[in-house]
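Written below as structure tokens is the structure these notes are about.
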Amino acid sequence: MNDGMPASEALTSFFAFRRADTPELRDQIHRLRYEVYCREFGFEREEDCPGQREVDQHDSGAEHCILIHRDSGRAAGCVRLLGPDDPMGSGENLLPLERIPGALSRSGADALYPQRLPRHSICEI
């Protein structure tokens, strides 16, 4: 890749990784998620995303990062990191994915099933 340049160096020559710690960067993330989750893949309904921004209840407790294309300054990707939470005060302390019935299958990877790990040592990306 790129005259023997390591892939990580080639990637960072085209893209910048930033912690999304400003309202402007968070807004770019929500707009990008709208484009991907609503328009491109149809995972979310467009009418459920006011202002063409995909936002959910887990965003406020997450750490967000954004991938920015250096030449254009446009958002090219994003990621969020979430730890177990208890938004309803239920004592469950679950990852968001664990709250979706059937989202995690126990077949094959029982040893890595999140409920078998110490809660302070896991996260969802």
Side-chain angles (χ1 to χ4, degrees):
M1 161 168 245
N2 215 3
D3 295 327
M5 180 186 298
S8 61
E9 287 181 35
L11 182 66
T12 57
S13 70
F14 293 103
F15 298 98
F17 298 92
R18 295 198 46 204
R19 185 169 172 228
D21 55 3
T22 68
E24 295 79 19
L25 290 174
R26 287 275 184 105
D27 189 58
Q28 286 184 49
I29 285 173
H30 297 306
R31 287 176 181 273
L32 179 62
R33 285 178 18 191
Y34 171 83
E35 288 298 321
V36 173
Y37 295 142
C38 297
R39 301 192 81 194
E40 187 173 345
F41 290 110
F43 292 146
E44 303 287 342
R45 297 178 338 150
E46 290 186 43
E47 55 270 23
D48 292 338
C49 298
Q52 297 185 334
R53 290 167 179 81
E54 197 282 326
V55 180
D56 69 25
Q57 70 273 22
H58 304 293
D59 285 328
S60 63
E63 289 292 329
H64 297 264
C65 293
I66 188 167
L67 181 68
I68 299 174
H69 183 248
R70 289 186 186 277
D71 287 346
S72 69
R74 295 184 61 199
C78 59
V79 65
R80 71 178 179 186
L81 178 76
L82 297 150
D85 64 357
D86 189 11
M88 306 303 214
S90 65
E92 290 181 304
N93 201 29
L94 299 174
L95 296 170
L97 194 57
E98 291 176 286
R99 296 181 184 283
I100 302 170
L104 296 173
S105 170
R106 290 182 179 227
S107 64
D110 274 356
L112 298 178
Y113 193 73
Q115 290 180 342
R116 293 185 172 204
L117 301 170
R119 302 314 286 174
H120 69 276
S121 70
I122 65 172
C123 66
E124 179 177 318
I125 297 176

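Numbers here are sequence positions counted from 1.
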### Task
Examine Phe14 and Leu67 and state if one hydrophobic cluster contains both, with Ile, Leu, Val, Met, Phe, Trp and Tyr joined whenever side-chain heavy atoms are less than 4.5 Å apart.
yes
#### Entry: His58 side chain near Arg80 side chain, heavy-atom distance below 4.5 Å
yes
### Message
Any salt bridge linking Arg74 with Glu35? Criterion: basic side-chain nitrogen under 4.0 Å from a carboxylate oxygen.
### Response
no
### From CZ (Phe17) to CD1 (Ile66), nearest 0.5 Å
11.5 Å
### Pairwise distance CG(Asp56) to NE2(His30) - rounded to 0.5 angstrom
8.5 Å
### Message
Tell me whether Leu81 shares a hydrophobic cluster with Leu95, the cluster being built from Ile, Leu, Val, Met, Phe, Trp, Tyr side chains joined at under 4.5 Å.
### Response
no
### Query
Rounded to the nearest 0.5 Å, what separation is found between the SG atom of Cys78 and the CZ atom of Arg31?
14.0 Å
### Query
CD of Glu63 to SG of Cys123: how many Å apart, nearest 0.5 Å?
11.0 Å
#### Entry: Exercise: identify the closest heavy-atom pair between Ala62 and Leu82
CB-CD2, 3.4 Å
#### Entry: Asp59 with Arg33: basic N within carboxylate O range, under 4.0 Å
yes
### Enclosure of Arg18 CZ (heavy-atom neighbours >12, cutoff 6.0 Å)
no
### Task
May I ask you to test the Arg119-Leu94 pair for a side-chain heavy-atom distance under 4.5 Å?
yes
### Query
Donor-acceptor pair, Glu44 side chain versus Glu54 backbone, under 3.5 Å?
no
### Message
Do Leu25 and Ile29 land in one hydrophobic cluster if side-chain heavy atoms of ILVMFWY residues count as linked below 4.5 Å?
### Response
yes
### Message
Test question: given the 4.5 Å side-chain rule for I, L, V, M, F, W and Y, name all other residues clustered with Phe43, or answer none.
### Response
Leu32, Val36, Tyr37, Phe41
### Query
To the nearest 0.5 Å, how far apart are SG in Cys38 and CD in Glu47?
8.5 Å
### Task
Side-chain contact test, heavy atoms from C-beta onward, threshold under 4.5 Å: evaluate it for His69 versus Phe15 and give yes or no.
yes
### Message
Working to the nearest 0.5 angstrom, can you tell me the gap between Asp21 CG and His64 NE2?
### Response
11.5 Å
